[in-house]
S.K.: 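Input: one structure, supplied below.
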Amino acid sequence: MRRVAPARRAAAVKVVGPVQWILLPALVILAATLILATPIKVFGLTLPEPVTPLVLAFAWPLIRPSVLAPLALLVVGLIVDLFWGNRLGLWPLGLLVAYGVVLISRPYIAGQDTRLLFAWYSGVSALAFFVVYLVTTMTAGQPPSLIALFLQYLPTVLIFPAANWLIERFDDGDLRFR
């Protein structure tokens, strides 16, 4: 009697579209920006105002290079500029510089340890803040406060777990790009 091998099942490909890994995180980031900007004081201190879109600028090129991600960063950056009352294009420039650096260095940092990703995130965030600082200094004619800059940079670096979660959540989301 001849044994028949069981039929192979087709491997299910989990397709993650732009709505899941671009649109929804962008909306969550904008909501977080709005919530953290509420004028609430706890023990005389206000809520920190990190530049939450830097999470997206770091995570998206590591998840999957795309044409939609820089366009979404441009829109999110413009919304943040309008919300904070900045010159239009200030944070989109910083976010796109950060995105470009991570995209260029993607082959070296993709799949690395979380500590290395944190170091890269901190450095890329510092670069984005430096670019925004330089542009603000040139357009205003005087430099902004370095203390205020640091007090915005520190909470931005501390929200790295959100970027790490995005990377872990969507990194293997679509096996067609492996």
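Note that the numbering runs from 1 along the sequence shown for the chain. From a predicted model like this one, the values you see are computed outputs, not experimental measurements.
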S.K.: Check whether Q152 reaches the backbone of E49 with its side chain - one donor and one acceptor, N or O, closer than 3.5 Å.
M.R.: yes
S.K.: For V51 and L54, run side-chain contact (heavy atoms from CB on, under 4.5 Å): C-alpha distance rounded to whole Å, both residues' side-chain angles, the deciding distance at 0.1 Å, then the answer.
M.R.: CA-CA 6 Å; V51 182; L54 277 170; 4.2 Å; yes
S.K.: Do side-chain atoms of W91 reach the backbone of L74 as a donor and acceptor pair under 3.5 angstrom?
M.R.: no
S.K.: Heavy atoms only: give me the nearest A26-V76 pair and the separation to one decimal.
M.R.: CB-CG2, 3.9 Å
S.K.: Just so I know, are the side chains of T46 and P39 near enough to count as touching, which here means a heavy-atom distance under 4.5 Å?
M.R.: no
S.K.: List the atom of S66, the atom of Y99, and the distance in Å for their closest heavy-atom pair.
M.R.: O-OH, 3.4 Å
S.K.: Please report the closest heavy-atom contact between L56 and P61, naming both atoms and the distance.
M.R.: O-CD, 4.1 Å
S.K.: Take L23 and L68 through the side-chain contact (heavy atoms from CB on, under 4.5 Å) test and state the conclusion after the steps.
M.R.: CA-CA 10 Å; L23 181 63; L68 295 177; over 6 Å; no
S.K.: Set out, in order, the CA-CA distance, both residues' side-chain angles and the distance that settles side-chain contact (heavy atoms from CB on, under 4.5 Å) for L117 and F160, then state yes or no.
M.R.: CA-CA 9 Å; L117 290 178; F160 167 75; 3.8 Å; yes
S.K.: Is there any side-chain hydrogen bond (donor to acceptor under 3.5 Å, both in side chains) pair reaching into residues 119-136, and which pairs are they, with sequence neighbours excluded?
M.R.: none
S.K.: Output the distance between atom CG (L73) and atom CG (L78), rounded to the nearest 0.5 Å.
M.R.: 11.0 Å
S.K.: What are the two closest non-hydrogen atoms of V55 and A162, and how far apart are they?
M.R.: CG1-C, 3.9 Å
S.K.: Given side-chain contact (heavy atoms from CB on, under 4.5 Å), test D81 with R87 step by step and report yes or no.
M.R.: CA-CA 6 Å; D81 280 347; R87 293 181 180 268; over 6 Å; no
S.K.: With rounding to the nearest 0.5 Å, note down the distance linking CG in L90 to OG1 in T139.
M.R.: 7.0 Å
S.K.: Once you round to the nearest 0.5 Å, how far does CZ of F58 lie from CG of N164?
M.R.: 8.5 Å
S.K.: How long is the straight-line distance from CG of L154 back to CG of L149, given to the nearest 0.5 Å?
M.R.: 11.0 Å
S.K.: Are any non-hydrogen side-chain atoms of V132 and L93 less than 4.5 angstrom apart?
M.R.: no
S.K.: Looking only at heavy atoms, which two atoms of P92 and G77 are closest? And how far apart?
M.R.: CG-C, 3.4 Å
S.K.: Would one find more than 12 heavy atoms of other residues, nucleotides or ligands at under 6.0 Å from atom CZ of F130?
M.R.: no
S.K.: To check you understand the geometry: which heavy-atom pair defines the closest contact between P144 and T137, and what is its length?
M.R.: CD-OG1, 3.5 Å
S.K.: Can you tell me how far apart CG (L88) and CD1 (I79) are? Round to the nearest 0.5 Å.
M.R.: 11.5 Å
S.K.: Following the transitive rule for hydrophobic clusters with a side-chain heavy-atom cut-off under 4.5 Å over Ile, Leu, Val, Met, Phe, Trp and Tyr, establish whether V135 and Y153 coincide in one cluster.
M.R.: yes
S.K.: In terms of hydrophobic clusters joined by side-chain contacts under 4.5 Å, are L116 and I104 together?
M.R.: no
S.K.: I'd like to check the side-chain contact (heavy atoms from CB on, under 4.5 Å) partners of W165; sequence neighbours left out, ordered by chain and number.
M.R.: R169
S.K.: Is there a path from L27 to L34 through hydrophobic residues (I, L, V, M, F, W, Y) whose side chains come within less than 4.5 Å of each other?
M.R.: no
S.K.: Can you find a pair of side-chain heavy atoms, one from F150 and one from F129, that are under 4.5 Å apart?
M.R.: no
S.K.: L30 and F83: same hydrophobic cluster, using ILVMFWY side-chain contacts below 4.5 Å?
M.R.: yes
S.K.: So, taking the atom named CZ in F118 and the one named CG in D113, what distance separates them when rounded to the nearest 0.5 Å?
M.R.: 12.5 Å
S.K.: With sequence neighbours excluded, what pairs up with P50 under the side-chain contact (heavy atoms from CB on, under 4.5 Å) test?
M.R.: L36, P48, T52, P155, T156, I159
S.K.: Under a 3.5 Å distance rule, please check whether S145 uses its side chain to pair with a backbone N or O of I147 as donor and acceptor.
M.R.: yes
S.K.: Can you hop from L71 to F170 via hydrophobic side chains spaced under 4.5 Å?
M.R.: no
